[in-house]
Engineer: 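Here it is: the structure, laid out below.
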Amino acid sequence: MVLSSPRGTNDVFGEDIKYRDFIINSAKDLFRLFNYSEIITPAFEHTEVFDRGIGKSTDIVKKEMYTFTDKKGRSLTLRPEGTASVVRAIIEHKMYSEKIPVKLFYIGNMFRYERPQKGRMREFSQLGVEAAGVAEPFIDAEVIWILNSIFDRIGFRNLKLMINSVGCEKCRRDYIRVFKSYIKPEVESFCPDCKVRYDTNPLRIFDCKVEQCKKIIEGSPKIYQHICADCREHILKVCHYLEKMGINYFIKEELVRGFDYYTGTIFEIISDDLESVQNALGGGGRYDNLIAQFGGPPMPSIGFAIGIDRTILLMRQLNIKYLTKELKSAAYIALLSDKFYDTGLKVTKLLRENNIPCDISYKVRPLSSQIKTAVRDGFSHFIAIGDDEIKTGVFNVKNLEKHTQFKLNINDSSKNISAVFRSSL
RNA sequence: GUGGGAAUAGCUCAGCUGGUUCAGAGCGCAGGAUUGUGGCUCCUGAGGCCGCGGGUUCGAAUCCCGUUUCUCACCCCA
């Protein structure tokens, strides 16, 4: 029996759960404010959803998918990202016939077969939004606003928001012609990957880290300078709204992203504080043709995703604490003899019925040890059960934080009990 | 898929050029000192096939090879 979780996966427990809950709760509060509703899609889809959605020429589809055949011979794939599934669901349920825009958010685990390293796992969690059916640049800015607000609420400050436009179908085609003719004389000098990209997806050459390739494209025309008048107007309006909102950003003309479905506005948010090369915390963009391409109606759309695990990493690194929604009041009940289990049961039942979290020492131990345990585990109150309490029915409740003590009569009405407890906070 | 480093107790690690102080420390955990009251102190205890497999050797935690996992980077992304 192998007792380690598979490569690139991990168990999330203890403090990580608190960070995670904090991030998710912060995001959910914002989603509510922006009127998005949740969608939960399956962890796997028909392989075609990603093949056609993300694009066959992308690295993700080519070499990073967990694809398997089920017992009926269907090809299925564990989702490597969230957008394709959500788009599939929007079309399947004809959500656009209820209202437009369709504004959805999702939280889920994603799977990519890669070599794990800091901030990159084979199974990881993302949360994201998709706003489908609106072409106005206003919604681009609003979506970026949400993205920015999530990190703002968490407490990140030194983030960089990068924006670019990769143009619409038409202007991209024109640009690619210009770009290819510019680099054509040098194509033999490219790295093997870029030689392939030259034919399949020239824009991705901008993502290449090989010095030689970077040099060749250094002075090349950038797509941002070659987008058509409509696309230019669109991105300028997005920038205008961002400025009105006071969101800092900068145009990064070389920015490209790894999914084929993007059109027009794309963006990425990175942290220079993240002690890792994997510094992208979130990103997204427009996908104006994807829904139609999937057989749905024409629905220009935009979305983003953020990496929950990387966000936790950065929070830990910057020493940012999570806020918990846990009740601060919790009681620890100590037994001084094993005669008192029945009374212990009665007290815990009473407290729990009154919404006061509590735990009990399952073993009889010296009183001082039990207090130590209660303090260590962060209980605010301590109740010992011994002969005196049994006789009188009155329990001394010790407030471990304030070093005070009060009496609790377990024959009091429930209302009284919670009142007495709360007043001691 | 490519390249570097690492793996000893729950955690952080020590363990020299192979040989009865080589199965160790600190922290944590459990119990006690303490038969009804707090973070200290002291005592005691549990826990490891030294990642796994092979090799070299009279003898391997230690040297060699393989493998798995972790880690860092490339690629790519969140």
Side-chain angles (χ1 to χ4, degrees), chain A residues 1-10 14 23 54 57-65 79-83 107-128 147 151 191-194 196-197 201 204 206-211 213 256-259 268-271 274-284 304-314 332 334-337 340 363-379 381-390 395-405:
Chain A
M1 177 72 176
V2 182
L3 286 180
S4 62
S5 72
R7 184 164 163 81
T9 67
N10 59 5
I23 293 164
I54 299 170
S57 74
T58 61
D59 281 11
I60 289 182
V61 169
K62 277 198 307 202
K63 52 182 202 186
E64 295 179 3
M65 295 210 302
R79 60 179 169 199
E81 61 104 41
T83 302
I107 299 163
N109 46 353
M110 308 295 161
F111 308 85
R112 292 182 201 169
Y113 191 90
E114 301 181 271
R115 282 285 283 270
Q117 67 187 72
K118 188 168 196 172
R120 195 183 66 193
M121 298 291 279
R122 287 182 173 176
E123 181 186 21
F124 59 100
S125 294
Q126 287 187 333
L127 56 85
L147 173 67
F151 292 125
C191 70
D193 280 346
C194 286
V196 175
R197 288 174 180 143
N201 198 347
R204 309 280 347 270
F206 282 103
D207 245 0
C208 191
K209 304 291 191 302
V210 177
E211 273 311 314
C213 303
V256 290
R257 293 183 53 79
F259 305 128
E268 206 164 286
I269 194 158
I270 65 165
S271 163
L274 206 50
E275 285 165 4
S276 155
V277 182
Q278 315 303 326
N279 61 357
L281 287 169
F304 72 76
I306 79 170
I308 295 176
D309 314 84
R310 285 184 190 176
T311 304
I312 294 176
L313 217 57
L314 185 58
Y332 189 86
L335 302 171
L336 296 178
S337 151
F340 304 140
K363 287 194 290 189
V364 175
R365 293 161 51 214
L367 186 62
S368 64
S369 300
Q370 304 210 48
I371 293 177
K372 282 177 195 167
T373 300
V375 170
R376 181 197 61 190
D377 293 346
F379 288 90
H381 292 81
F382 181 87
I383 302 172
I385 300 176
D387 285 316
D388 299 351
E389 285 78 6
I390 301 290
F395 292 73
N396 280 321
V397 182
K398 211 173 156 59
N399 184 320
L400 295 169
E401 283 152 12
K402 293 184 182 164
H403 301 263
T404 54
Q405 210 160 293

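The chains referred to below are lettered A, B, ... by the order of the sequence lines, with proteins before strands, and numbering in each begins at 1.
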Engineer: Separation of A/R257 atom CZ from B/C76 atom C1', in whole Å?
Structural biologist: 12 Å
Engineer: Write down the distance between CD (A/Q370) and C1' (B/C29), rounded to a whole number of angstrom.
Structural biologist: 17 Å
Engineer: Are A/L127 and A/I308 close enough that some pair of their side-chain heavy atoms sits under 4.5 Å apart?
Structural biologist: yes
Engineer: If you measure from the P atom in B/A23 to the same atom in B/G36, how many Å do you get, rounded?
Structural biologist: 45 Å
Engineer: Roughly how far apart are A/Q126 CD and A/I306 CD1, rounded to 0.5 Å?
Structural biologist: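 So the gap between those two atoms works out to 9.0 Å.
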Engineer: Rounding to an integer number of Å, can you tell me how far A/N279 CG sits from B/A73 P?
Structural biologist: 11 Å
Engineer: Quantified in whole Å, what is the C1' atom distance between nucleotide B/A7 and nucleotide B/G45?
Structural biologist: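 It comes out at 28 Å once rounded to the nearest Å.
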Engineer: Can you tell me, in whole Å, how much space there is between the C1' of B/A25 and that of B/A9?
Structural biologist: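 The answer is 11 Å between these two C1' atoms.
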Engineer: Could you tell me how far B/U44 sits from B/U8 if I compare only their P atoms? Round to whole Å.
Structural biologist: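 Rounded to whole Å, the distance is 28 Å.
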Engineer: I'd like to compare against my own output: the B/S/- annotation of nucleotides 34-48 of chain B with a strict under-4.0 Å heavy-atom distance to protein.
Structural biologist: B-BBBB-B-------
Engineer: Round to a whole Å and report the spacing from CG of A/D59 to P of B/C74.
Structural biologist: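 So the CG-P distance, A/D59 to B/C74, works out to 15 Å.
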Engineer: Between A/V364 and A/E64, name the one whose nearest nucleotide on RNA chain B is closer to the 5' end.
Structural biologist: A/V364
Engineer: Take atom P in B/G66 and the same atom in B/G26, then report the distance between them in whole Å.
Structural biologist: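 Approximately 38 Å lies between the P atom of B/G66 and that of B/G26.
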Engineer: How would you label the contact of A/R112 with the nucleic acid (heavy atoms, under 4.0 Å): base, sugar-phosphate, or nothing?
Structural biologist: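 Answer is base: heavy atoms of A/R112 come under 4.0 Å of a base.
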Engineer: Examine A/R79 relative to A/F111 and say whether NZ or CZ is less than 6.0 Å from the centre of the six-membered ring and inside a 45° cone about the ring axis.
Structural biologist: no
Engineer: What N/O pairs connect the protein and nucleotides 67-71 of chain B at under 3.5 Å? Give each pair on its own line.
Structural biologist:
| residue | atom | partner | partner atom | Å |
| --- | --- | --- | --- | --- |
| B/C70 | OP1 | A/G8 | N | 3.1 |
| B/C70 | OP2 | A/R7 | NH1 | 2.8 |

Engineer: Decide, yes or no, whether a salt bridge links A/E268 with A/R257 under the criterion of side-chain N to carboxylate O below 4.0 Å.
Structural biologist: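 Yes, A/E268 and A/R257 are salt-bridged.
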Engineer: How far, in whole Å, is B/G55 from B/A60 if one measures between their P atoms?
Structural biologist: 11 Å
Engineer: For atom P, what is the distance between B/C16 and B/G24, given to the nearest Å?
Structural biologist: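 The answer is 14 Å between these two P atoms.
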Engineer: What contact category does A/K62 fall into here, base, sugar-phosphate, or nothing, at under 4.0 angstrom with non-hydrogen atoms?
Structural biologist: nothing
Engineer: Quick check for you: to the nearest 0.5 Å, what is the distance between A/L400 atom CG and A/I371 atom CD1?
Structural biologist: 7.5 Å
Engineer: How would RNA chain B look in dot-bracket form, 5' to 3', counting Watson-Crick and G-U wobble pairs with both distances under 3.5 Å and writing | for bases paired to another strand?
Structural biologist: (((((((..((((.....[....)))).(((((.......))))).....(((((..]....))))))))))))....
Engineer: Given atom CZ of A/R79 and atom C1' of B/C77, what is their separation to the nearest angstrom?
Structural biologist: 17 Å
Engineer: Looking at A/R376, I'd like to know whether one of its side-chain N or O atoms comes within less than 4.0 Å of OP1 or OP2 on B/A30.
Structural biologist: yes
